[in-house]
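Just below is one structure, and these are the notes that go with it.
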2 protein chains.
Amino acid sequence: MGRELDLPLDTVLVGDCITVMAALPPASVHAIFADPPYNLQLSGTLHRPDNSEVDGVDAEWDRFPDPAAYDAFTRAWLAEARRVLRRDGTLWVIGSYHNIFRVGAALQDLGFWILNDIIWRKSNPMPNFRGRRFTNAHETLIWAARERGSRYRFNYEAMKSLNDDVQMRSDWTFPICTGPERLRDAAGAKLHPTQKPEALLHRVILACTNPGEVVLDPFFGTGTTGAVAKRLGRRFIGIERDEAYVRAARARIDAVVPVSDERLAATPSRREAPRVAFGAVVEAGLIAPGAVLWDRTRRVSATVAADGSLRAGHERGSIHRIGALLSGAPSCNGWTFWHYEDRGRLLPLDVLRSRLRPLE
Amino acid sequence: MGRELDLPLDTVLVGDCITVMAALPPASVHAIFADPPYNLQLSGTLHRPDNSEVDGVDAEWDRFPDPAAYDAFTRAWLAEARRVLRRDGTLWVIGSYHNIFRVGAALQDLGFWILNDIIWRKSNPMPNFRGRRFTNAHETLIWAARERGSRYRFNYEAMKSLNDDVQMRSDWTFPICTGPERLRDAAGAKLHPTQKPEALLHRVILACTNPGEVVLDPFFGTGTTGAVAKRLGRRFIGIERDEAYVRAARARIDAVVPVSDERLAATPSRREAPRVAFGAVVEAGLIAPGAVLWDRTRRVSATVAADGSLRAGHERGSIHRIGALLSGAPSCNGWTFWHYEDRGRLLPLDVLRSRLRPLE
DNA sequence: ATAAGAAGTGAATCTTACT
DNA sequence: GAGTAAGATTCACTTCTTA
């Protein structure tokens, strides 16, 4: 150990990450967090239903001539990253379905040993405006050791206490980076199209490093990794090609005040788990498609569809909407309004929901 | 269309899925759900803190001599699956971090076009007994079209209904398969180590097929796909090597009672409703030639001509073209943009259109 | 000043039918 | 197949504007 002494600590190195990493000593950093280009392959412009234009990622750095070029780039930077990583170090990479399968296969081929894949569930993702796919509401992180059998660091207890004293799971919920945290220029435009939330880096850095250890970020951007590392008393090395990003990152990190005691560094609170949809009750087989629901007094009824909607006459909709419609009320809580028959007795739907609730 | 007639519908074919698929006609199935071996590469036996032994996956079918053999197997079955899939069909594959990156890269290489990656969040995962990693609390599904630009089926409204009328996201929460749903032998042992919950298949099948369409499952196991397909009024083809699994699957599926009314299976989509020309609304006398239409905020207006065109200033055209013109948008849905006055209130043209559409 | 309403926005592989 | 026109489509949150 001890190669850290040769490292340019707490600095941002300007240049291509493959070249710059090649100049760093081998086996010298404790952790690497990488947010490489996703190679989104967007074409044309996308409009919201209100006809406003979506400001998609069209940066030069996300364009590759073809899939083979992206693969070659991926394998090149991963190989350098592996060389620079200590034997007990770990690597994190974040991506989406566009690139993450290629990244994952490449790092397995290079000898990395995957420890977990982690899902960042976005509490406020952008919707799918055309209704042609599922809302893309998550991104994937891969966490890997340098090699099979290595004695990597994992701060199990820290993760457990972050999670109300139950084991931290592989799905993490955070909002996307907005509001005052999002770096903007004087005109209010975002400085970087894909700035990551600090809460995500907080958990990553806390999980796999101790205070004083070194985190390398080869795609530093506007420096989220550096800002969080400094706040948590870790050392960082950033590598970034774009000088405008580098300037923003340096100013941002200069303003960060480290926490006096890293045990005091609380993570932002978790978002509530999503509510139970009536569709989930149908999927779980707790009520069958075709079943008839009644109000408490059996004055009105409706039929359950396989997709969790209700049908009453020619009307179709959610348990809440159909309940409101048939009771003539402006709104309605379908969970308490509608009842199902169980051995001759009417029980509110809420009874079924509560069977799914403890599992959430 | 029509190749379905040559298919061995609602049967389980015994044999290796690559060989068996090779004997099926091309472009003949609407959807494929595949739960291939995960190549877990387990070594040794895992014990819980109380020293009880974890009953892991150690089946022969999950053992491959080396990573290259797993890749070759993956590409072979995916290539056959792609041949058998209709041009408008879609493929689902489920996996974990052990294999999903290799599967994803392979299917991209073969020309499939990924539509989403879907996270199955397990509400009750097995904990990590050693405390050396995050609890592996999810599995990943990839949903892919046969090729880029294909007109695949996606029952958007059905998915939205399942989720209390908000877009279905890419993260789905279900419990793992336990309790009475889990198939067991007389001694109480699990019949299959990785039986998937029916709720998961319910959502998958509802998302990408219509009643009567064909779902192929090349790794049929104990037949979850067949059971759910039958219940939802879809046709299925299962392929499975292990005769014990096949026997269990057949018995299980025989006991399934289909949903009585297949119209219950999905919320109809506006996209597939028959088109109504605005001229038909004028002809039906629902709005008079010369009537004035407004946008929602009364900022712009236009006049209805007897032929169903609109006139605004010197411009004349369809409700859509004039709407786009006056709102400065690249396109416009005239049915929702334009409003007519009814007793002092502005109502969208859509209200008139729905009066001409047959009730369904 | 405050509340209500309108407008803006986020790693996006985002249509379909007819001529 | 290419070109054109019809027409379907959004969630959670923040910030700005108006009453």
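What you are looking at is a predicted structure, and each value in this text was computed from that prediction instead of being measured. Within every chain, numbering begins at 1; the chains are lettered A, B, ... in the order of the sequence lines, protein sequences first and strands thereafter.
Aromatic stacking of A/Phe129 on C/dC14: not satisfied for centres closer than 5.5 Å together with planes under 30 degrees.
Candidate nucleotides C/dC14, C/dA11, D/dT10 were compared by shortest atom distance to the side chain of A/Thr194, and C/dA11 ranks first. The side chain of B/Arg271 has D/dT9 as its nearest neighbour among D/dT9, C/dT13, D/dT10. Of the candidates D/dA8, D/dT9, C/dC14, the closest approach to any side-chain atom of A/Pro49 belongs to D/dT9. Between D/dT9, C/dT9, C/dT13, one nucleotide has an atom nearer to the side chain of B/Arg270 than all others, and that is D/dT9. Comparing D/dT15, C/dT13, C/dA12 by their closest approach to the side chain of A/Tyr97 singles out C/dT13. Distance from the side chain of B/Val166 is smallest for D/dC11 among the nucleotides C/dC14, D/dC11, C/dT13.
Here B/His320 reaches the OP1 or OP2 of D/dG7: one of its side-chain N or O atoms lies under 4.0 Å away. One finds no side-chain N or O of A/Lys190 lying less than 4.0 angstrom from the OP1 or OP2 phosphate oxygen of C/dT9. An OP1 or OP2 oxygen of D/dA6 is reached within less than 4.0 angstrom by no side-chain nitrogen or oxygen of B/Asn333. Here A/Arg130 does not reach the OP1 or OP2 of D/dG7: none of its side-chain N or O atoms lies under 4.0 Å away. Residue B/Tyr156 has a polar side-chain atom (N or O) positioned under 4.0 Å from OP1 or OP2 of D/dT10. Between C/dG10 and A/Arg184, a contact under 4.0 Å exists linking OP1 or OP2 to a side-chain N or O.
Between B/Phe278 and B/Trp338, the distance from one ring center to the other does not fall under 6.0 angstrom. Residues A/Trp172 and A/Trp120 place their aromatic rings such that the two centres sit no closer than 6.0 Å. Aromatic pair A/Phe219/A/Trp61: ring centres not closer than 6.0 Å.
Residue contacts shown for A/Arg182 are limited to sugar-phosphate atoms, with no base heavy atom under 4.0 Å away. Within 4.0 Å (heavy atoms only), A/Gly44 reaches at least one base atom of the nucleic acid. Nucleic acid contact for B/Ile114: base, since at least one base atom lies under 4.0 Å from a heavy atom of the residue. Across all strands shown, A/Trp120 has no heavy atoms under 4.0 Å from either base or sugar-phosphate atoms. Using a 4.0 Å heavy-atom criterion, one finds that B/Glu157 contacts the sugar-phosphate atoms exclusively. The residue B/Arg169 sits apart from the nucleic acid: no heavy atom pair falls under 4.0 Å. Nucleic acid contact for A/Arg48: base, since at least one base atom lies under 4.0 Å from a heavy atom of the residue. When heavy atoms are screened at a 4.0 angstrom cut-off, B/Lys160 is found touching the sugar-phosphate backbone but no base atom. Residue contacts shown for A/Asp62 include a base, since a base heavy atom lies under 4.0 Å away. The residue A/Gln41 sits close to a base: some heavy atom pair falls under 4.0 Å. Residue A/Pro197 is out of contact with every strand shown, counting any heavy-atom pair closer than 4.0 Å. As judged by a 4.0 angstrom heavy-atom cut-off over every strand, A/Asp35 is placed among the base-contacting residues. Residue contacts shown for B/Ser331 include a base, since a base heavy atom lies under 4.0 Å away. Residue contacts for B/Trp335: at a heavy-atom cut-off of 4.0 Å it reaches the sugar-phosphate backbone alone, with no base atom in range.
Annotation: of the two residues near DNA chain C, B/Arg299 and A/Lys122, the 5′-most nearest-nucleotide partner is B/Arg299. Nearest-nucleotide assignment on DNA chain C puts the 5′-proximal partner with A/Cys177, out of A/Cys177 and A/Arg133. When each of A/Thr178 and A/Pro125 is assigned the nucleotide of DNA chain D with its nearest heavy atom, A/Pro125 is the one assigned upstream, toward the 5' end.
Ring-plane geometry between A/Trp92 and A/Trp143 is classed as parallel, the angle between the planes falling under 30 degrees on a 0 to 90 degree scale with a further cut at 60.
Taking atom CD of A/Glu53 as the reference point, atom C1' of C/dA7 lies 16 Å away to the nearest angstrom.
Note: A/Asp307 CG to B/Asn155 CG = 9.0 Å, rounded to the nearest 0.5 Å. The CZ atom of A/Arg247 lies 9.5 Å from the CG atom of A/Leu191; values are rounded to the nearest 0.5 Å. With values rounded to the nearest 0.5 angstrom, A/Leu201 atom CG is found 9.5 Å from A/Lys196 atom NZ.
More than 12 non-hydrogen atoms from other residues, nucleotides or ligands lie less than 6.0 angstrom from CZ of B/Arg75. Within 6.0 Å of atom CZ in A/Arg184, more than 12 heavy atoms from other residues, nucleotides or ligands are found, so the atom counts as buried in its surroundings.
Base pairing in DNA chain D yields stems of at least 3 consecutive Watson-Crick or G-U pairs, both distances under 3.5 Å, namely C:2-10 with D:11-19, C:15-19 with D:2-6.
Scanning for salt bridge (charged side-chain N to carboxylate O under 4.0 Å, His left out) contacts around B/Arg298 gives B/Glu341, with sequence neighbours left out.
D/dA12 and C/dC14 have their P atoms separated by 22 Å, with the value rounded to a whole Å.
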